[in-house]
**Q** 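Starting off with a structure, shown below.
In what follows, residues are counted from 1 in the order of the sequence shown. These values consider heavy atoms only, across backbone and side chains, with no hydrogens, waters or symmetry-generated copies.
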Amino acid sequence: MDKKNNPSMDNIYTLDGKVSVGKAIPFGLQHVLAMFVANIAPIMIIAGTCGLSTADTAHLIQTAMIIAGVGTLIQIFPIWRVGSRLPIVMGISFTFVSIFCYVGPKYGYPTVIGAIIVGGIVEGLLGLFAKYWRKIIAPIVAACVVTAIGFSLLSVGANSFAGGAGSENFGSKENWILGTCTLLACLLFNFFAKKHWKQLSVLFGLVVGYIIAVCMGMVDFSAFKDAEIVSFPAILPYKPTFNISAIISVTMIFLVSATETIGDTSALTATAFNREATDREISGALACDGLVSSLSALFGCMPITSFSQNVGLIAMTKVVNRFAIATGAGIMILAGFFPAVGAALATLPEAVLGGCTIMMFGNIVVSGLQMIGNCGFTQRNITIAALSLSIGLGFTQAPAMFAIFPDIVYTIFAENCVAVVFVVAIILNLVIPKDKTEQ
């Protein structure tokens, strides 16, 4: 069908094009399915280390879906200066897992909530004034961070492919078969589908993988057993406790998360629009990250940040339409109010998700390398990229190197390559002199 007869489908590749609800839903659903398991996994990990009950964990998952949907809508349709007006999908970040697994057991989950409230406000305020301090984050710094984000996600995809880190059947032949079949389904659909249908390859892979998993008996339907029909999140289910040590530690991680958001935003505009992110877009994205995270904490939940997985999905599909992505946010909110929907999505096996995300995460790495190339291969840029990536990716593979430092330094940097790459790239960008042509 040509462009004149089917204009709405061509509009999915434009930011503000008019798209019908029926045509938008599959693309929004694809985003939800691509991030759902990764969205709830940090909650389950942190809830376990903090000693929360199964019921409490279920409510946190429900709340996370609602807040992630609300945060996504604010990113897409800004409120004042909060929001980037870009198709950024929000979710629970793995960046905070290590610090919360330290703060939670030591001080209690209410202390985690108090630290999120303060840290989110700090990031939100910094975001509103991003144009005054963003100058130190030169394009080469952002490019290195994007590349590091891509590399850091490769292990996440590999663990999912094998069945999920810590699972009893990790690396089993069943998971290999399921992940491989899902990946092949994505690739074959992308190769043989016509026109815009190619962009639904990830959704097709997830559906095929799920059907195969059901046939193999790898889907656990027990989540439906105690699911309520309709449920609403509670305000302040945990009374916040404010501990200065926890606040400082968590706020530093919020700054690390801010660099990832800058990287995500830069990657999205580079891959989807072939341009750099504007100060307004960076500022709005950061403000949304921080302030929505504080809102999330008021409902007892974790920080909400931009999701790199979905940036990879946009990089692969080129679907940037705000309304299409917003339908995904609506699906997340509805799923949060109807726990049975969330329970159904929660049954998606990790191996299926891994089969779909391997290529998406690789796209982020390639996007980062392209950004480095766009900065120009001057000796200065090569030095910044080479040294920051080698130190960030290399040192965090041997976290015991950081044992001589205080606990807070170890917690932030020992296993977070994005944080190390960011700090090293910032320092090198400040101390290495520019030559005359670069100035």
**Q** Quick one: list whatever passes ring-ring contact (aromatic ring centres under 6.0 Å, His included) with F337, sequence neighbours left out.
**A** F232

**Q** For D16, check salt bridge (charged side-chain N to carboxylate O under 4.0 Å, His left out) against everything at least two apart and list the hits.
**A** R85, R322

**Q** In chain order, what residues pass the ring-ring contact (aromatic ring centres under 6.0 Å, His included) check against F323, with sequence neighbours excluded?
**A**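 Here no residue qualifies.
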
**Q** If we check side chain to side chain contact (heavy atoms under 4.5 Å, CB included) with L286, which of these qualifies: I262, L291, L126?
**A** I262

**Q** For the CD1 atom of I427 and the CD1 atom of I384, what is their distance to the nearest 0.5 Å?
**A**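 Going from the CD1 atom of I427 to the CD1 atom of I384 covers 11.5 Å.
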
**Q** Will you find, in the side chains of S160 and E350, an N or O donor that is under 3.5 Å from an N or O acceptor?
**A**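 A pair is found: one side chain offers a donor N or O, the other an acceptor, under 3.5 Å apart.
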
**Q** Among residues at least two apart in sequence or on other chains, which ones pass side chain to side chain donor-acceptor pair (under 3.5 Å) with D264?
**A** S306, S308

**Q** Could you walk me through whether L430 and I426 satisfy the side chain to side chain contact (heavy atoms under 4.5 Å, CB included) test, starting with their C-alpha distance in whole Å, then the side-chain angles of each, then the deciding distance to 0.1 Å, before giving a yes or no?
**A** CA-CA 6 Å; L430 292 175; I426 283 287; 4.0 Å; yes

**Q** Would you please name every residue forming a ring-ring contact (aromatic ring centres under 6.0 Å, His included) with F254, sequence neighbours left out?
**A** F96

**Q** Once you round to the nearest 0.5 Å, how far does CG of N175 lie from CG of N159?
**A** 11.5 Å

**Q** Quick one, V423 with F413, criterion side chain to side chain contact (heavy atoms under 4.5 Å, CB included). Give me CA distance, side-chain angles, the key distance, then yes/no.
**A** CA-CA 10 Å; V423 171; F413 295 107; 3.7 Å; yes

**Q** Can you name the ring-ring contact (aromatic ring centres under 6.0 Å, His included) partners of Y410, sequence neighbours left out?
**A**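 Checked Y410 against ring-ring contact (aromatic ring centres under 6.0 Å, His included); zero matches.
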
**Q** Quick check for you: to the nearest 0.5 Å, what is the distance between C288 atom SG and L86 atom CG?
**A**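 Taking SG in C288 and CG in L86, the distance rounds to 11.0 Å.
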
**Q** Under the 3.5 angstrom rule, does the side chain of T269 hit a backbone N or O of S266 as a donor-acceptor pair?
**A**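 At least one qualifying donor-acceptor pair exists.
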
